[in-house]
**Q** 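Input: one structure, supplied below.
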Amino acid sequence: MTHLRLAVLFGALLCCSAAAQTIPTPCPRPAAVAPPAAEEPSPGADTDASACRLRLTGDLAVASSVAPIAGPGECGGDDLVQLEAVVLSNKSRVAILPPAMVRCTFAEAIVRWVREDLSETLRTLGTSLKSLDNYSSYNCRGRNNIAGAKLSEHGKANALDVRSLKLANGVVVSLTDPRESRSLRESLRKGACNRFTTVLGPGSDGYHEEHIHVDLAERRNGHRMCQWDVREPAEESIAEDRVPLPRPRPRRGHG
Ligand SMILES: [Zn+2]
């Protein structure tokens with residue numbers, strides 16, 4: 001190797017900007033050096049993430065994996081997540097409180113509901129959504145908590161019960177309260193019924209007077225159920241004046 005080549009090599013080692021020869025300047029970090037590896041998944045975790053979960057945890061949601069649940073009976077599912085928050089397009093988060101344990105495909109439906117319906121509707125009203133109240137998600141039980149009834153979609157981690165929404169200003173919007181804005185509740189009802197195959201609320205079967213149930217049950221002929229009466233305050237006061245009647249037996253035993 002000639003002296004000239006050695007000098008060039010030495011110069012390159014000292015400094016990347018060979019033009020300024022007087023004072024060697026620090027070289028920038030070589031681009032080839034990879035940044036430290038992100039947290040390694042613990043053995044067995046996340047290595048077989050479903051395509052659904054990869055879509056979900058990209059930019060759309062904060063959701064951790066849940067080990068598959070098999071039984072008892074038909075309960076459980078393979079691709080379960082703990083849905084902790086929905087990430088909006090402006091990167092703000094809508095918390096699911098407490099986090100909902102649901103199958104991934106249902107979590108995706110919730111994420112789209114929150115992003116495209118709930119937060120959009122509230123944005124047009126000049127406010128924003130802070131959190132969604134999860135009243136019930138995965139729960140291995142019969143419909144309407146009746147032992148021996150057909151398995152609820154909650155038992156398949158394919159359903160969510162929501163009582164209220166919390167806004168950024170701290171206001172809590174109860175979905176079934178007739179004193180809340182009627183147009184807001186009608187808008188929310190319409191969005192939910194377009195998106196989910198089952199929506200049950202006040203007036204459905206007596207079990208959903210104080211929360212809204214949504215699920216993605218599959219039925220023959222694509223039949224859908226949208227049973228959520230958006231009530232007027234007057235209707236409630238009339239109902240309260242009546243002698244309380246025993247709860248009707250559910251006609252179809254859903255929920
Ligand atoms: Zn329910």
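Start at 1 and go down the list; that is how both ligands and their atoms are numbered. Numbers for residues simply follow the sequence, beginning at 1.
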**Q** Nearest to the Zn ion (ligand 1), which N, O or S atom of H154 do we find?
**A** NE2
**Q** Can you spot which of V162, L83, V62 makes a side chain to side chain contact (heavy atoms under 4.5 Å, CB included) with I96?
**A** L83
**Q** Table please: side-chain donor-acceptor pairs of residues 85-92 below 3.5 Å, with sequence neighbours left out.
**A**
| unit_1 | atom_1 | unit_2 | atom_2 | d |
| --- | --- | --- | --- | --- |
| N90 | OD1 | S92 | N | 2.9 |
| N90 | OD1 | S92 | OG | 2.6 |

**Q** Would you please classify the geometry between the F196 ring and the F106 ring as parallel, tilted or perpendicular, with 30° and 60° separating the classes?
**A** tilted
**Q** The Zn ion (ligand 1) and H213: any N/O/S contact shorter than 2.8 Å?
**A** yes
**Q** Restricting to N, O or S atoms, which atom of D161 is closest to the Zn ion (ligand 1)?
**A** OD1
**Q** E180: what forms a side-chain hydrogen bond (donor to acceptor under 3.5 Å, both in side chains) with it, not counting sequence neighbours?
**A** none
